[in-house]
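Notes for the one structure printed next.
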Amino acid sequence: MTDTQITFTLDGDTVTVPEGTTIWEAAHGRGLTIPHLCHKPAPGYRPDGNCRACMVEVAGERTLVASCIRPVAEGMQVTTNNDRATRARKMVVEMLMADQPDQPHDAGSHLHDMAAANGVTGSRLPPKDAQTVPLLDNSHVAMSVNLDACIQCGLCVRACREVQVNDVIGMAGRGHDAYPVFDMDDPMGDSSCVACGECVQACPTGALLPATVTGDSTDFDREVASICPFCGVGCQVSLKVKDDRITHVEGLNGPANEGRLCVKGRFGFDYIHHPHRLTRPLIRRDDAPAKGLNVDPGNWATHFREATWDEALDAAAAGLRGRGVEVAGFGSAKCTNEEAYLFQKLIRQGFGHNNVDHCTRLCHASSVAALIENVGSGAVTATFNEIENADVAIVIGANPVENHPVAATYFKQFTQRGGKLIVMDPRGQALSRFATHMLQFRPGADVSLLNAIMHVIVEENLYDQQYIDAYTENWAAEKAHLAAFTPEAMAPVCGIDAGTIRAVARDFAGARAGMIFWGMGVSQHIHGTDNSRCLISLALMCGQVGRPGTGLHPLRGQNNVQGASDAGLIPMFLPDYQSVTDDTIRAEFQAIWNSDDWSGKAGLTVTEIIDAIHADKIKAMYVQGENPAMSDPDVDHARDALARLDHLVVQDIFLTETANYADVILPASAFYEKSGTVTNTNRQVQMGRPAVPPPGEAREDWAITVALAQKCGLNWHYDSPADVYAEMARGMPSLDNITWDRLAAEGAVTYPSLSPTDPGQAIVFGDGFPRDGGRARFTPANVVAPDEAPDAEYPMVLTTGRQLEHWHTGSMTRRSRVLDAVEPQANCSLHPATLRKLGVEPGGMVTLTTRRGTVQVMARADRAVSPDMVFLPFAYVEAAANILTNPVLDPFGKIPEFKFAAVRVTAA
């Protein structure tokens, strides 16, 4: 559309709309909904005009026109409600209804709504021959395929091919025998379908349905808008609830997802109804066996006894009160902003120190350290949606197709429009088939590769001198530093030939607008901060920050890791990354909290707390929603630490591996059972709402923390999360103009928001950076080798990560029926040649051994993995990846080296 306005007549009324508006859109904008079937008025769906159910009359034209694809024209006269148009639409619907099954698979489908809108209650026409109807297909655990209800509208094809860009669904056959097929006409369950469910949400007839829906998709008591509880994309969802159980989930048109979801967001909701949910407080029995991973989540009575809330809170507080610096806290990025804020406040105000941390230490702490150091902010400089305005984008050390699937749809659509995508990763990945360049570099060689790219930009004078002069500092040092990193010198180090390095450098430096995205493949190294420094320098030297389609974006892992960090759930910063060592800042929070001062010394990080337990410096812990018995590196070391504690309070929704070591367990609420805000990877603050109550006596996390604080002697009084949010906003400038009431009404606002009506700034730092002098900084980075190198005893490289179906430590996703059915068994990935060398068939068992420990796991053949590498997901307790990982830390971000360990692989 353009700024040019078009005036035309619609059912006798004069209407003015932007040029390019279709008749259907113009009518819909005036509250008139023209019946439609193949048209889906949602972002990403182009009109197709094939069903002819939206026909209208245009004066002077002999035939009726499809309103969904006809743009308005100056002076056009359109009639939607005359006899000719209405009879034509009615006949189309009647013909389609003739072939519908006698017992509709979905009586609440859009087709039945449109039939009612057209006054069609049946059909006078005969159905097509029965033998032409494809068989029903229930081969997929999440979705049913009922092609006897298909009307060949093509929406499922567009959903798969153009919106999600997975290209699994196509049409086979001709004429009235045409029907959608999966891959080469495979059963859906045997196809390459990734179960995003976009086709299900698009289907207007019930030909494609969630497996949990039978008979009527509108058969629910209420519909609640909330936020997906999994990755950092922050998809808005509509939860359909019947009898206090979620029956199915659809995507809403939120700023991060525009209606799209992935398999976890659409089908992973039922973990909240799992019989393992904690429903009453538990206290460890005096005669319990020794602490360890020996508690059956379904039969815990030999280890714990049920207690009242007062008894459990008294016991929890008794083991924490008066211990001061001997107490530490792990908060959770799965909880809300308000809950993260209260948790860090309790540790600081209640125990007088800053020994509080959460999972950001294990995912993007090094990215945050580099961003704060060099651009003055720990958040992204542009939302991932801004890729629509870019012409070149780099994705490095990230696998968004599996880890951020909805964000990946934007990346794939970007390439479909002609954008150049540069993918860099030691492991191949699905996004590589969309890439202009796929650089599968050697593990741990990030800095050498990135410095070589920047060397070319300097050598060929491709940098943006005007931007560098106006907005940066320390360029001379960076430029001199890069002189030694020629592509020819770095090619043997990183494993990428010099010509490819030069081509990538020219493509990115020559971009009109370029973005850089990265993941934990960049951050989880001892040189993770250096990796991020390189990426920041690369963007700065090319002037690719602060404009549409430019920016730096570390893709955040958990649903609220950005918000929890913003809220101060880290040991060196108070809310909004304000230094805890600054007396003035602490004084401001003392006033807000009506509190005495506490330590001005930065606290211990996650891994430092574990070491301090072994050193008898930390003797009690409060853990909310975290699972260090699975997520920490060298996890046997972490488990031994948890067993040593005098007192451990765990607040969670399941009896997690960490809760096995607890003295008191407090049953908490899942995300779909609570109110509160979360902040996604885009800096979008969004409102979560409860769809169902917590089970049994379980309580919302914020309320538990408040009650525990009161038992610990703090005079806290909050009536709701809104009260907590109001207090947060007093000390967090990032929340200026973003009130609770505004979020409740609008659902989402991006920070910073410059006024009460500003939706927020998707792009920041267009006129300078929040550092002294307003300038970003170049920080040169030297090549630092991984802590341990492969050798004769451990000849291969182990790297870890997530899978599409499972998330974090598996405590939620492995209790989802669909997700666990699709990916039920612990597994690792090895190159086929490596398996042949080992004499192991795909599906056979292998033993992985590092200097920390050994696991046995099923092996898959995967050509995306280099012959000298093994990939191990970390969601499986029976083959816990972190038994093997190296706990050595990045000196700046204090993040462990999860992505590189020397390993020996043998046949089991």
Side-chain angles (χ1 to χ4, degrees), residues 6 8-15 17 20-42 45-101 104 106-129 132 148-158 171 174-179 202-207:
I6 300 295
F8 74 111
T9 302
L10 179 64
D11 290 338
D13 294 333
T14 300
V15 178
V17 295
T21 303
T22 65
I23 295 171
W24 194 96
E25 290 168 333
H28 184 70
R30 293 172 56 79
L32 170 64
T33 300
I34 300 172
H36 58 287
L37 288 168
C38 74
H39 177 48
K40 183 175 175 63
Y45 285 87
R46 59 173 175 79
D48 206 40
N50 69 56
C51 74
R52 322 310 278 181
C54 68
M55 305 297 280
V56 297
E57 186 174 86
V58 174
E61 301 202 17
R62 293 176 57 192
T63 60
L64 299 176
V65 303
S67 62
C68 69
I69 58 173
R70 174 60 71 89
V72 300
E74 188 68 34
M76 177 185 282
Q77 295 181 25
V78 178
T79 304
T80 70
N81 55 8
N82 64 3
D83 184 61
R84 183 188 181 200
T86 55
R87 281 192 298 111
R89 294 197 296 265
K90 184 174 182 178
M91 178 54 69
V92 167
V93 174
E94 190 174 348
M95 287 190 290
L96 293 171
M97 290 295 289
D99 293 323
Q100 289 298 295
D106 183 8
S109 71
H110 181 67
L111 173 61
H112 287 82
D113 290 344
M114 290 298 97
N118 282 283
V120 175
T121 57
S123 180
R124 299 163 293 172
L125 305 170
K128 61 186 178 182
D129 295 337
T132 67
D148 54 351
C150 179
I151 60 172
Q152 296 86 35
C153 67
L155 271 170
C156 60
V157 177
R158 279 175 278 157
M171 295 297 290
R174 285 182 173 275
H176 80 299
D177 290 329
Y179 62 99
C203 179
T205 69

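Because the structure is a prediction, the values reported are computed rather than measured.
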Expected output: side-chain [X] to main-chain [Y] donor-acceptor under 3.5 Å:
| X | Y | result |
| --- | --- | --- |
| Gln77 | Ala59 | no |
| Thr86 | Asn81 | no |
| Glu74 | Ile6 | no |
| Glu94 | Leu125 | no |

Could you go through Val15 and Val78, starting from their C-alpha distance and side-chain angles, then the distance that decides it, and tell me whether this counts as side-chain contact (heavy atoms from CB on, under 4.5 Å)? CA-CA 10 Å; Val15 178; Val78 178; over 6 Å; no

Looking at every non-hydrogen atom in both residues, tell me the closest pair between [X] and [Y] and how far apart they are.
| X | Y | answer |
| --- | --- | --- |
| Asp48 | Cys153 | OD2-O, 4.2 Å |
| Ala27 | Leu10 | CA-CD2, 3.8 Å |
| Arg158 | Arg46 | NH1-O, 2.9 Å |
| Ala73 | Phe8 | O-CB, 3.7 Å |
| Cys68 | Pro47 | O-CB, 3.1 Å |

Do Glu25 and Val72 have side chains that get closer than 4.5 Å, going by heavy atoms?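 Side chain of Glu25 against side chain of Val72, heavy atoms only: no contact under 4.5 Å found.
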
Are the side chains of Pro204 and Leu155 in contact, using a 4.5 Å heavy-atom criterion? yes

Mutual orientation of the aromatic rings belonging to His110 and His36 [parallel < 30°, tilted 30-60°, perpendicular > 60°]: tilted

Rounded to the nearest 0.5 Å, how far apart are [atom1] of [X] and [atom2] of [Y]?
| X | Y | atom1 | atom2 | result |
| --- | --- | --- | --- | --- |
| Cys54 | Met114 | SG | CE | 11.0 Å |
| Thr205 | Met97 | OG1 | CE | 10.5 Å |
| Met76 | Thr9 | CE | OG1 | 10.5 Å |
| Gln152 | Cys38 | CD | SG | 12.0 Å |
| Thr80 | Arg89 | OG1 | CZ | 6.0 Å |
| His39 | Thr22 | NE2 | OG1 | 6.0 Å |

Between Met95 and Arg52, is a side-chain contact (heavy atoms from CB on, under 4.5 Å) present by the stated rule, with each step listed? CA-CA 11 Å; Met95 287 190 290; Arg52 322 310 278 181; over 6 Å; no

Arg87 and Met55: side-chain contact (heavy atoms from CB on, under 4.5 Å), yes or no, with the steps? CA-CA 10 Å; Arg87 281 192 298 111; Met55 305 297 280; over 6 Å; no

I would like to know whether Trp24 and Val56 meet side-chain contact (heavy atoms from CB on, under 4.5 Å); could you show each step before the answer? CA-CA 9 Å; Trp24 194 96; Val56 297; over 6 Å; no

